[in-house]
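These notes concern the structure reproduced below.
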Amino acid sequence: MDSYQAELRDVTEMTPSVKHFLFELDKSWSFKPGQHTVFDLSIGGETVKRPYTMTNTDGSNSFTVAVKKYDDGTGSVKMHSLSIGDTVIVNEPKGNLYLRDTSDDAVFVSTGTGASPMIAMLQAYLEDGDGHAYYLHGERTMESRLFTESLVMLEAEHDDLTVMHSLSDDDWDGRTGRIQSHLPSVVDDLSAATHYVCGVPQMVVDTESFLEDHGVPSDQIVAEGWEDDAT
């Protein structure tokens, strides 16, 4: 598997615990939106491997990732300590979470940094898809929501996009509770769409079961679970 040297070119703070990193590669690569790369991080004289998903679509030697810092984490703490100009080694993109049939409606369901592959796939679908796109994201608080400005812009630019957030810990006027519980009231026809799910494993398992109980064939569900720094 090919490896690449990636230089950190820019860092922005998305939330109090999540940073967005822009890297430039020493050579070109290609990937399907939704796939991830594995970082080889040098920590205490050892190499620690951590997977992070590209939040951009393919087409250049630059890529972006959003990383949440866990105080007791290893890879995320190292990532958040990087400075502009630092270099890291990343590996050939891989993963089974990517767009399938773009002629169907597409439903993207995520929690936390599971939004990373979703924002990339959503942008790709809006460019190439023929149906309606639905983006449902669950978070604890308003300030922890990711890609808020990008989603507002995308929804303003595309009549065929519906965005919905659900918060679990904030008192607000929007939706609350488990993100999958809102699917029937947001999506016109669950069984006619392809569903992409990413977040903590329990949410992924629960959402898959919910969709199947509502008549969605298993081959129309593409899912990937993330827990802290690991896949």
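Since this is a predicted model, take the numbers as computed values, not measurements.
When atom types are taken as modelled, the side chain of Asn56 and the backbone of Phe63 share no donor-acceptor pair closer than 3.5 angstrom. For Ser81 (side chain) and Lys78 (main-chain N/O), a donor-acceptor pair under 3.5 Å exists by modelled atom type. Looking only at distances, a side-chain donor or acceptor of Gln35 sits under 3.5 Å from a matching main-chain atom of Lys32. Under a 3.5 Å cut-off, the side chain of His214 and the backbone N or O of Ser191 do not form any donor-acceptor pair. Looking at Asp2, its side chain never comes within 3.5 Å of a backbone N or O of Glu92 through a donor-acceptor pair. Panel note: side chain His158, backbone Glu127; no donor-acceptor pair is recorded below 3.5 Å.
You'll find the ring centres of Phe23 and Tyr52 outside the 6.0 Å limit.
Counting non-hydrogen atoms of other residues, nucleotides and ligands closer than 6.0 Å to CD of Glu13 gives a total above 12. The number of heavy-atom neighbours closer than 6.0 Å to CG of Asp159, taken from other residues, nucleotides and ligands shown, is 12 or below. The number of heavy atoms from other shown groups lying within 6.0 Å of CD (Glu46) does not exceed 12. Counting heavy-atom neighbours within 6.0 Å of Arg178 CZ, excluding the residue itself, gives a total of 12 or less.
The aromatic rings of Tyr196 and Phe108 sit parallel to each other, their planes meeting at less than 30°, with 60° as the upper class boundary.
Using a cutoff of 4.0 Å between basic side-chain nitrogens and carboxylate oxygens, Glu24 and Arg9 are scored as salt-bridged.
Counting all heavy atoms, side chain and backbone alike, Tyr125 lies closest to Asp104 at OH-O, 2.6 Å.
One hydrophobic cluster holds both Val48 and Leu8 under the rule that ILVMFWY side chains link at heavy-atom gaps under 4.5 Å.
Both tests hold for Arg100 against Tyr98: distance to the six-membered ring centre under 6.0 Å, angle to the ring axis within 45°.
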